[in-house]
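Start at 1 and go down the list; that is how both ligands and their atoms are numbered.
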Amino acid sequence: MQQRIDSLQTKLTTAYKPGFGEFMSSIQTHHAKLWWAGQHKNWQLADFEMHEIMEATTAIQQYETDRKESKSIPMLQPALDSVNNAIQQKNTVLFNSSYTLLTNTCNACHQANNFAFNKVKIPSVNTFSNQDFEIK
Ligand code: HEC
């Protein structure tokens, strides 16, 4: 029995777990796609990308419990709610201001955690040339 427990313990401690930075890189992708979805008024895609960001933040809270920054994840909620509201209303003006709030909140957390050098911004070029953001 003890041997099995030890073996399971080893499996657990060596199991692959994405790092904080990997979750953030994924959030960065969805943050960019969210913008282009909004600019193309592709609200279904925007909704999808926003939920991908939410899923990643939930995963951070679940898997990155050893990182103190994880406690600050809820600070994103008001901005995400605001983006969500703009998407539901299909309102580009509201979407753009909510997206700015979201981006500022990303940076506020980076600044609060000595990652100010990691500054995100509103995308200027759509680098996802292999994805169609237009609604046909
Ligand atoms: C709860 C605090 C917090 C919030 C909110 C936050 N980040 Fe981060 N972010 C971090 C930390 C901490 C790191 C450094 C991770 C590491 O140690 O690798 C980071 C790193 C990053 C990186 C660098 C990843 C890499 O390895 O190149 C990007 C890009 C990034 N964040 C984007 C975002 C975006 C976009 C948002 C908003 C949608 C956001 N972050 C919101 C804490 C946060």
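- For Q28, the side chain to side chain donor-acceptor pair (under 3.5 Å) test picks out no residue, with sequence neighbours left out.
- Looking at every heavy atom in both residues, P74 comes nearest to P78 through O-CD, 3.8 Å.
- Remark: the Q111 side chain and the N107 side chain contain no N/O donor-acceptor pair separated by less than 3.5 Å.
- At a heavy-atom cutoff of 4.0 Å, ligand 1 is surrounded by F20, G21, M24, S25, I27, Q28, H31, R67, E69, S72, I73, L76, C106, C109, H110, F115, N118, V120.
- No close placement of the F117 and H110 rings is indicated, their centers lying 6.0 Å or farther apart.
- For residues 1-15, no residue pair satisfies the salt bridge (charged side-chain N to carboxylate O under 4.0 Å, His left out) rule, not counting sequence neighbours.
- Residues meeting the side chain to side chain contact (heavy atoms under 4.5 Å, CB included) test with K17, sequence neighbours left out: Y63, E64, D66.
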